[in-house]
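Structure first, then comments.
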Amino acid sequence: MLASCKMVPLALFLSCAACSTQLLAADNDAPFTEEVKGVFDDGWSTKTSSLALAAGHRDKAKDLIMKDARPDLAWALVQMHVPRFPDALITVDAIVKDHPDDLIAREAQIWLHAERNEYDAMLPSMMALAVHLPKDNTGQTPTGVELDAARMLGEIFGYFAGPGAGKLVNAKLDQREKLVKNGLHPAVLGAFEQGRDRVFKKFAAISEAAGAKPATTPADNAATAPTASANGVSLTAGGNPKAAALKTKFLKDEEDLKKKVAADQAEFDKLAAEANGLQQRSAQAQSSAKSKEAEAAKNPKMAASLRAEAQRDQNDARKIQQDYDKLKSQATKLKGEITALQQKMTHLTNQYKADVAKLGPGTSTTAVAVKPAPTPSTTAKTPDAADAASSANLDEPTALDGYLTFSILTQRQHILDSLPK
């Protein structure tokens, strides 16, 4: 009986502690929501210190409700919007590690791997995402996040079955697709097929616009032995001197374009690295100025000196930001040149096919996956943001040759809708 009496106060204490924790969490709901919104508001802002401010909101939100993925997830979307894809991948990798069932983080991780052409790294992420999609026996209506995730998976499988065929060797994609689709909730399966069909329709429209010939049958392919391969095109000469001359010219022109793309890409990567360094320096200067202002408020004797130093830090931050904006402008222009070269590559391929086809039987090209010009996924964030096309690129970046989309604005809204009211 005595032992039992001693247990009553302990139970009451634990019960009160639990209630206290719940009250604390509830008290933090409104501030937490405001801080997560602040991540987005400042992350999409054009102010010099926007990223530093957004990061501050993320940290405050994490302090208010620990182990909640949404502050870091909002920050990852901001990093993709800027864009700073390598940093965003680090952020989402950490989220997925702690929150393996977070579908938005999984989607972002897959897209970022696709943007870097890290196809093998996509596979485990794709299958892990599929595990968390609703099955047909749950009795619950799928959420918008779940439908978006299913559509993304459909786009990926559609890409590797169509325009990206052959890019993933021995991946057993047919088996994986059956495994993913098995037992899915009907609405989720419909979203998957919608994404898959969208890729094939887009591929067909691009092929038709480019004048691509339909894929040949195996018998047709056997009639013409390939003598070279370039840019995904099997080239055949069939002993025709004119065809051989066309092939030689095509290979040379293609090689020249590849060299220009590689040179421009190397310069772009260099500019992006420099811009990233400047952005970090700007954030550090802003942080230093803020610290000195706070110290000046506590130390009246040193206030004048500290505020002067803080002002110098602010001036440095503004100068660094100006340099950063110039670099981003140069990088954006360079990215446009790269896209133009890639479009020229597609035109070159299609022209070669058309020229060889005119020479008659025995000199045709085999089936070719005509690639659309990829949408530049790294567009500078400009103060006026007046260019609608640039805004679209920022908020709905594309990968896998433009077939895989990830709408940052849609995912941002999903997060905002999930916040405590």
Side-chain angles (χ1 to χ4, degrees), residues 24-25 27-95 98-99 102 104-105 108 275-299 306-307 309-325 328 380-383 385 394-395 408-409 411-416 418-420:
L24 179 61
D27 289 343
N28 285 346
D29 278 354
F32 175 81
T33 295
E34 289 307 308
E35 293 299 342
V36 175
K37 288 181 177 178
V39 176
F40 288 129
D41 291 342
D42 282 314
W44 259 257
S45 171
T46 58
K47 292 185 292 188
T48 301
S49 57
S50 59
L51 284 184
L53 292 170
H57 286 298
R58 174 204 57 186
D59 294 341
K60 289 177 183 176
K62 291 176 70 173
D63 288 339
L64 288 167
I65 301 182
M66 298 178 65
K67 297 184 178 179
D68 193 303
R70 286 171 292 187
D72 281 328
L73 198 51
W75 176 241
L77 294 181
V78 167
Q79 289 174 312
M80 294 181 72
H81 170 76
V82 173
R84 290 166 63 173
F85 295 149
D87 294 337
L89 184 56
I90 293 171
T91 302
V92 296
D93 281 347
I95 297 172
D98 294 333
H99 305 272
D102 193 299
I104 296 178
N276 189 44
L278 286 174
Q279 200 164 38
Q280 291 176 0
R281 284 176 53 202
S282 177
Q284 289 169 357
Q286 287 282 350
S287 177
S288 175
K290 187 176 180 180
S291 298
K292 287 170 183 175
E293 285 285 358
E295 190 178 348
K298 298 176 184 177
N299 191 344
L306 288 168
R307 288 200 172 98
E309 291 180 18
Q311 186 59 52
R312 284 195 292 272
D313 287 340
Q314 288 281 11
N315 292 340
D316 288 345
R318 280 192 286 271
K319 176 63 169 63
I320 292 169
Q321 185 65 31
Q322 290 172 359
D323 293 340
Y324 168 82
D325 291 340
K328 288 294 286 185
K381 187 165 108 177
T382 54
L394 283 170
D395 295 324
I408 299 173
L409 289 179
Q411 302 301 347
R412 181 177 76 169
Q413 192 59 49
H414 284 321
I415 295 173
L416 290 173
S418 74
L419 293 172

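Quick caveat: nothing in here was measured; it's all calculated off a predicted structure. Index from 1, following the sequence.
- In terms of heavy-atom proximity, G43 sits nearest to A54 at N-CB, 3.8 Å.
- Between the CD1 atom of I415 and the CD atom of Q411 there is a distance of 7.5 Å, given to the nearest 0.5 Å.
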Note to self: Please determine whether side chain to side chain contact (heavy atoms under 4.5 Å, CB included) holds for the pair D102 and V92, giving the CA-CA distance in whole Å, both sets of side-chain angles, and the decisive distance to 0.1 Å.
What the structure shows: CA-CA 10 Å; D102 193 299; V92 296; over 6 Å; no
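- The shortest distance between side-chain heavy atoms of L64 and E35 falls below 4.5 Å.
- Taking CZ of R58 as the start and CG of D63 as the end, the distance is 10.5 Å to the nearest 0.5 Å.
- Between A55 and W75, the closest heavy-atom pair is N-CZ3, 3.7 Å.
- The residues D323 and K319 are annotated as salt-bridged, a charged nitrogen and a carboxylate oxygen being separated by less than 4.0 angstrom.
- In this structure, a donor-acceptor pair under 3.5 Å is present between the side chains of R318 and N315.
- Separation of atoms OG1 (T91) and CE (M80) is listed at 11.0 Å; rounding is to 0.5 Å.
- Counting only distance, with no hydrogens or angles, the side chain of S45 and the backbone of D41 share no donor-acceptor pair below 3.5 Å.
- In terms of heavy atoms, T33 sits closest to P420 at OG1-O, 2.7 Å.
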Next item on the list: Begin with the C-alpha distance, continue with both residues' side-chain angles, and end with the deciding distance and a verdict on side chain to side chain contact (heavy atoms under 4.5 Å, CB included) for H414 and I104.
Entry: CA-CA 9 Å; H414 284 321; I104 296 178; 3.9 Å; yes
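- In terms of heavy-atom proximity, W44 sits nearest to L77 at CH2-O, 4.1 Å.
- Note that CD of E34 is 9.5 Å distant from CG of L419, once rounded to the nearest 0.5 Å.
- Here H57 contributes atom NE2 and L53 contributes atom CG; the two are 6.0 Å apart, rounded to the nearest 0.5 Å.
- Smallest separation of non-hydrogen atoms from A88 and Q79: CA-OE1, 3.3 Å.
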Quick one: side chains of residues 65-73, donor-acceptor pairs under 3.5 Å with protein atoms, not counting sequence neighbours, listed by atom name and distance.
| from | atom 1 | to | atom 2 | distance (Å) |
| --- | --- | --- | --- | --- |
| D68 | OD1 | R70 | N | 2.9 |
| D68 | OD1 | R70 | NE | 3.0 |
| D68 | OD2 | R70 | NE | 3.4 |
| D68 | OD2 | R70 | NH2 | 2.7 |
| R70 | NH1 | S418 | O | 2.7 |
| R70 | NH1 | S418 | OG | 3.4 |
| D72 | OD1 | K62 | NZ | 3.4 |
| D72 | OD2 | K62 | NZ | 3.2 |

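- Partners of E293 by side-chain contact (heavy atoms from CB on, under 4.5 Å), not counting sequence neighbours, listed by chain and number: R307, A310.
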Notebook entry, point to check: Do D42 and S50 pass the side chain to side chain donor-acceptor pair (under 3.5 Å) test, and can you show the C-alpha distance, the side-chain angles, and the key distance before you say yes or no?
Noted result: CA-CA 5 Å; D42 282 314; S50 59; over 6 Å; no
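- Within the model, atoms CD of Q311 and CG of D316 stand 10.0 Å from one another, a figure rounded to the nearest 0.5 Å.
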